[in-house]
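Computed from a predicted structure; not experimentally measured. Lettering of chains follows the sequences in order, A, B, ..., and the numbering in each one begins at 1.
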Protein chains: 2
Amino acid sequence: MKDEKKRGRPRAFDAKAALGKARDVFWDRGFAAASLDNLSAATNLNRPSLYGAFGDKENLYLDTLEGYRQDGMDALSEALDPSLQLRDNLARVYESALSIYLHGETAARGCFLIGTATAEAIQHERVREVLGRSLSDFDGEIEKRMRLAVESGELPEGADPQAMARLASAVMHSLAVRSRAGDSRETLEAIARSGVELICGRR
Amino acid sequence: MKDEKKRGRPRAFDAKAALGKARDVFWDRGFAAASLDNLSAATNLNRPSLYGAFGDKENLYLDTLEGYRQDGMDALSEALDPSLQLRDNLARVYESALSIYLHGETAARGCFLIGTATAEAIQHERVREVLGRSLSDFDGEIEKRMRLAVESGELPEGADPQAMARLASAVMHSLAVRSRAGDSRETLEAIARSGVELICGRR
DNA sequence: GAACTTCTGTACTGTTTCGCATAAAATAAC
DNA sequence: GTTATTTTATGCGAAACAGTACAGAAGTTC
């Protein structure tokens, strides 16, 4: 499927790597403030190459958002390994999120989606669509794990898996915002810990 | 203090009203995508008047952020009336937030700070500062109420007021993001309700 | 090897951007 | 009324912007 040799001159760059570089530019500057010159410089691609591969700026941005969403869902599924306790699952979810948001302890970038797509969501319907879908997919994946936890007795019988999942997500949304606002790793880790405690009960 | 008649030609506009109009533009479009033409049209002010009154675009934006922060703190203090139960306090906080975020049921704008300042926080240090201060002031105000609740026995003795306050804020951060992502009022109200339940216990 | 197809680099276009220079208008102080 | 001071309106200007035309380069297919 993907190795059908297309004829004509082949690409001299790796589209996936270029998307990653472009994503970093959007992540730092937001969609509106990122210029095609910025993107061109970061990817080492001329504007015509960018257009040829990804379409216009909005399309390129949507592609980076979609990639981030996918990566996030993969990390989430991994963190929610049902052979572990729910409290460990949640702790892993937050830890994995923070490792992305804090980006190596130094510059805090927060969540790419919440940090940049939120701003564009009003004016750009397709951005709002990706953002909304990302949030609800995230909720849904956690909800599945919550449902298991109710069945297995990890959570009390009357607990509402959907509500619990949304609150677990809420803690992550808060980490996303706060890390971009400059909060320290210690503070964020403390919030994650107390979130786990509140949802799963004290050990 | 404020009525010292300055000489020279007096202003033909109400600066506070103009700030409100400018804030609406930033709220919809974000800082970077809002042009001075947009702002000038919305406020009915020429660009030189805007510059004279508020300085450059970033300064104007910072002023609108600061005003929003103030309004938010006022609304928060009012909602946290300590003669009511903590659970009613929180419910009022979320209700008041949603009334702003949803803006009359139709167009969901979310939170002005979280929806727009987050995007600029990396590149603009002064924006990050206002955002960080807003978040921590909010936490602090709720924490005061939580401390009272522990003293009065509304919360169990061992409860950590700071942690509880940050989690209460987290629910609001999530409402802020989700409303801008297009979630329905019903969904958001359900999340607010289960947040109150989780923090204050079932009735 | 010839023909065809696709990609890359340069350079361009027309628009939009922010911020300001300049001059006229409106008030206060004298 | 005159002068000083501040605000308005028009409109400029230099830079940045997104997107593309075009020509040459680098492959594939036959």
inquiry  = Please evaluate residues A/Leu198 and A/Leu167 with respect to the criterion side-chain contact (heavy atoms from CB on, under 4.5 Å), reporting the C-alpha separation (whole Å), side-chain torsions for both, the decisive distance (0.1 Å), and the verdict.
reply    = CA-CA 10 Å; A/Leu198 187 65; A/Leu167 291 173; over 6 Å; no

key: Any A/Ser49 side-chain N or O less than 4.0 Å from OP1/OP2 of C/dC7   = no

key: Presence of salt bridge, A/Asp24 and A/Arg109, under 4.0 angstrom   = yes

Whole-Å distance separating the CG atom of B/Asp14 from the C1' atom of D/dT7 = 16 Å

Sequence neighbours excluded - ring pair (Phe, Tyr, Trp, His ring centres under 6.0 Å) pairs with any residue from residues 117-136 of chain B = B/Phe31-B/His124

request  = Taking only the side-chain nitrogens and oxygens of B/Asn46, find out if one of them lies under 4.0 Å from OP1 or OP2 of D/dA9.
outcome  = yes

task = Would you tell me whether A/Asn46 and A/Ser49 have side-chain atoms, one donor and one acceptor, within less than 3.5 Å of each other?
result = no

message = Expressed as a whole number of angstroms, how long is the span from A/Arg11:CZ to D/dA25:C1'?
response = 16 Å

message = Check this for me, if you would: do B/Asp63 and B/Arg23 make a salt bridge, where the nitrogen-to-carboxylate-oxygen distance has to be below 4.0 angstrom?
response = no

ask   = For residues B/Tyr61 and B/Thr116, is any side-chain donor paired with an opposing acceptor at under 3.5 Å?
value = yes

query = Could you state the CG-P distance from B/Leu45 to D/dT8, rounded to the nearest angstrom?
reply = 7 Å

task = Using atom CZ of B/Phe13 as one end and atom P of D/dA9 as the other, report the distance to the nearest whole Å.
result = 10 Å

key: Over 12 non-hydrogen atoms of neighbours within 6.0 angstrom of CD in B/Glu78   = no

query = Across the strands shown, which category fits A/Ala12 at heavy-atom distances under 4.0 angstrom: base, sugar-phosphate, nothing?
reply = sugar-phosphate

Pairs under 3.5 angstrom, nitrogen or oxygen only, protein versus nucleotides 16-20 of chain D, please.
from   : atom 1 : to      : atom 2 : distance (Å)
D/dA18 : OP1    : A/Leu36 : N      : 3.4
D/dA18 : OP1    : A/Lys57 : NZ     : 3.2
D/dA18 : OP2    : A/Leu36 : N      : 2.8
D/dG19 : OP2    : A/Tyr51 : OH     : 2.6
D/dG19 : OP2    : A/Lys57 : N      : 3.3
D/dG19 : O5'    : A/Tyr51 : OH     : 2.9
D/dG19 : O6     : A/Arg47 : NH1    : 3.1

Which protein N or O atoms sit under 3.5 Å from an N or O of nucleotides 23-26 of chain C?
from   : atom 1 : to     : atom 2 : distance (Å)
C/dA25 : N3     : B/Arg9 : NH1    : 3.1
C/dA26 : O4'    : B/Arg9 : NE     : 3.4

ask   = Looking just at side-chain N and O atoms, do A/Ser99 and A/Ser96 make a donor-acceptor pair shorter than 3.5 Å?
value = no

